[in-house]
Amino acid sequence: MKFACLFLALMSLSVGAFAQRVMPNIDLPPESAYDPDRPPPSFHKQNRERFLSMLPDSSIAIFFANDLKTRNNDVEYLFRQSNSILYLTGLYDEPNAALLLSKFPMPFQNFATTEILFVQPRNALMETWTGRRLGPEGATQKLGVAAATIIDSLQPYLFNELLKTYRALVKRVFISYPAKDYADSDGDYAKLVKTIDARLREDKTLVVQNASPLLGQMRQIKHPIEIDLIQKATDATIAAHLEAIKSCEPNMREYELAAVAEYVFKKKGCEYVAYPSIVGAGENSVILHYNSTRKKILDGELVLMDMGGEYHGYATDITRTIPANGKFTPEQRAIYDLVLAAQDSAIAQCKPGNSFRAPHQKAVEVIAEGLLKLGLIQDKADYRRYFMHGTSHSVGLDVHDPGMAVLQAGQVLTVEPGIYIAEGSPCERKWWNIGVRIEDMILITETGARVMSAALPRKAEDIETLMKEKGIGNLAIK
Ligand code: GLY
Ligand code: MN
Ligand code: MN
């Protein structure tokens with residue numbers, strides 16, 4: 001509250017104080033200049049052209065940027081752009097934007113274009129508070145879109161120009177919405193999205209449909225630029241896991257290992273975590289997406305660490321499971337080796353032409369057989385009690401990226417079998433609270449697969465050897 005009052009006071013002061021302020025110069029340090037390995041405008045242009053080539057005749061498509069989201073009072077979550085805007089424009093840093101693509105040339109100012117990007121206007125005061133804006137001119141110059149104007153023009157342009165004068169040319173409208181919970185927001189931008197959506201749907205002669213399936217199809221096969229960024233996210237995450245593994249010792253808290261990993265993600269240039277870090281010790285190792293990370297890690301427990309960074313919009317997803325004290329117990333080792341064998345067999349199924357289900361089917365076979373041998377189940381069909389998730393998902397701009405049916409070169413997926421034996425399970429107590437997942441990143445190639453995360457040890461004995469070393473989490477901080 002105090003912060004809010006101060007903020008408001010400064011805001012009102014600033015209107016006068018900064019009235020003469022010059023506009024921050026976008027030629028000096030636009031964020032993209034700090035990160036020269038962001039994809040170039042030509043990548044996004046190619047994506048727009050590919051999308052347009054897939055778009056049916058007489059169609060237009062609107063892609064909305066993400067909105068700012070409130071965390072509490074006047075504090076916002078860090079902004080993360082919508083995937084469609086990232087993929088099609090490279091506008092990383094600004095909310096309140098939309099891209100309009102059209103199968104036919106649209107009239108715009110004095111020319112015709114198939115693409116118009118609507119962005120926030122330049123505003124010296126707002127830019128002093130919350131950061132530089134490209135503005136329409138910057139958008140055409142820096143992002144290479146053919147046409148750009150301000151976001152306030154979107155609704156009038158769409159309904160008073162395009163759908164009035166050129167109505168006969170438009171039969172379908174594809175829409176890509178901001179991240180799901182935009183509907184809960186009541187800000188101006190959320191209202192704009194909702195109003196445009198409702199007005200389009202009012203017209204029963206227009207077919208309004210979600211653009212995600214078309215975009216999803218495109219996003220399945222990664223461009224070499226995307227593979228490079230996923231590899232950078234993966235390399236940062238390998239370094240993060242190595243430090244976390246070396247740092248682990250009994251009596252640390254779960255969050256200390258998450259902190260080690262998240263420090264390394266940022267140190268290596270990741271802007272965000274790709275998903276909240278999962279660090280679960282003992283009874284928490286059997287909770288698939290546990291992320292409260294408050295428990296003390298006890299001697300003799302297993303620690304499951306599923307942690308991945310996001311680099312320039314691209315995710316990675318890696319899990320290692322380690323013994324808190326550096327040495328697996330015989331039961332932990334038996335389960336670990338079984339999951340590892342399942343993962344090896346599943347990875348061997350990762351090749352072009354195979355079904356997406358093939359790695360999972362193999363992992364299930366190995367785990368069901370192994371659980372039966374260990375006496376944990378009496379019927380192979382009961383494997384589901386301990387292995388209750390799929391083995392793979394695609395990874396890209398989303399950690400759970402649009403899926404595929406058949407494996408093809410250029411796809412990136414995880415292979416992540418697991419066994420989770422919760423307390424109270426119908427087996428001997430010695431197995432309880434053993435949760436193991438091993439997850440790696442796989443790139444399908446023309447001839448097979450490349451394990452993008454191969455540099456991170458997986459074998460039990462290699463993990464034990466690594467744990468003899470110290471990590472950055474063992475440094476004393478005063
Ligand atoms: N980290 C989420 C998952 O493995 O799918
Ligand atoms: Mn995963
Ligand atoms: Mn994971």
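Whatever order the structure lists ligands and atoms in, that order sets their numbers, starting from 1. Both backbone and side-chain heavy atoms feed into the values below; hydrogens, waters and symmetry mates do not.
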*Heteroatom test (N, O or S) for H400 near the Mn ion (ligand 2), limit 2.8 Å*: no
*If you measure from the Lys or Arg side-chain nitrogens to the Asp or Glu carboxylate oxygens, is any gap between D93 and R38 under 4.0 Å?*
yes
*May I ask whether H400 places a heavy atom under 4.0 Å from ligand 1?*
yes
_Angle between ring planes, Y92 versus H312, binned at 30° and 60°: parallel, tilted or perpendicular?_
perpendicular
*Should you measure from each heavy atom of E439, which atoms of ligand 1 turn up under 4.0 Å away?*
4 (O)
*H393: which N/O/S atom is nearest the Mn ion (ligand 2)?*
NE2
_K222 and D401 ion-paired at < 4.0 Å_ = yes
*asked:* Show the atoms of ligand 1 that are less than 4.0 angstrom away from any heavy atom in D306.
replied: 1 (N), 2 (C), 3 (C), 4 (O)
*If you measure from the Lys or Arg side-chain nitrogens to the Asp or Glu carboxylate oxygens, is any gap between D440 and R320 under 4.0 Å?*
yes
*Contact check: D317 vs ligand 1, nitrogen or oxygen atoms, below 3.5 angstrom*: yes
_For a distance under 2.8 Å, tell me if E416 has an N/O/S atom near the Mn ion (ligand 2)._
yes
*Relative to the heavy atoms of Y275, which atoms of ligand 1 are at a distance of less than 4.0 Å?*
1 (N)
*How far is atom 2 (C) of ligand 1 from its nearest protein heavy atom, and which residue and atom is that?*
H289 NE2, 3.6 Å
*Nearest 10° is fine: what angle sits at the Mn ion (ligand 2) between OE2 from E439 and OD2 from D317?*
80°
*asked:* Once rounded to the nearest 0.5 Å, what's the spacing between atom CD1 of I318 and atom CG of L456?
replied: 6.0 Å
_Taking E254 first and then K295, would you say they form a salt bridge - that is, a charged N and a carboxylate O separated by under 4.0 Å?_
no
*Charged N to carboxylate O under 4.0 angstrom, K246 versus E243?*
yes
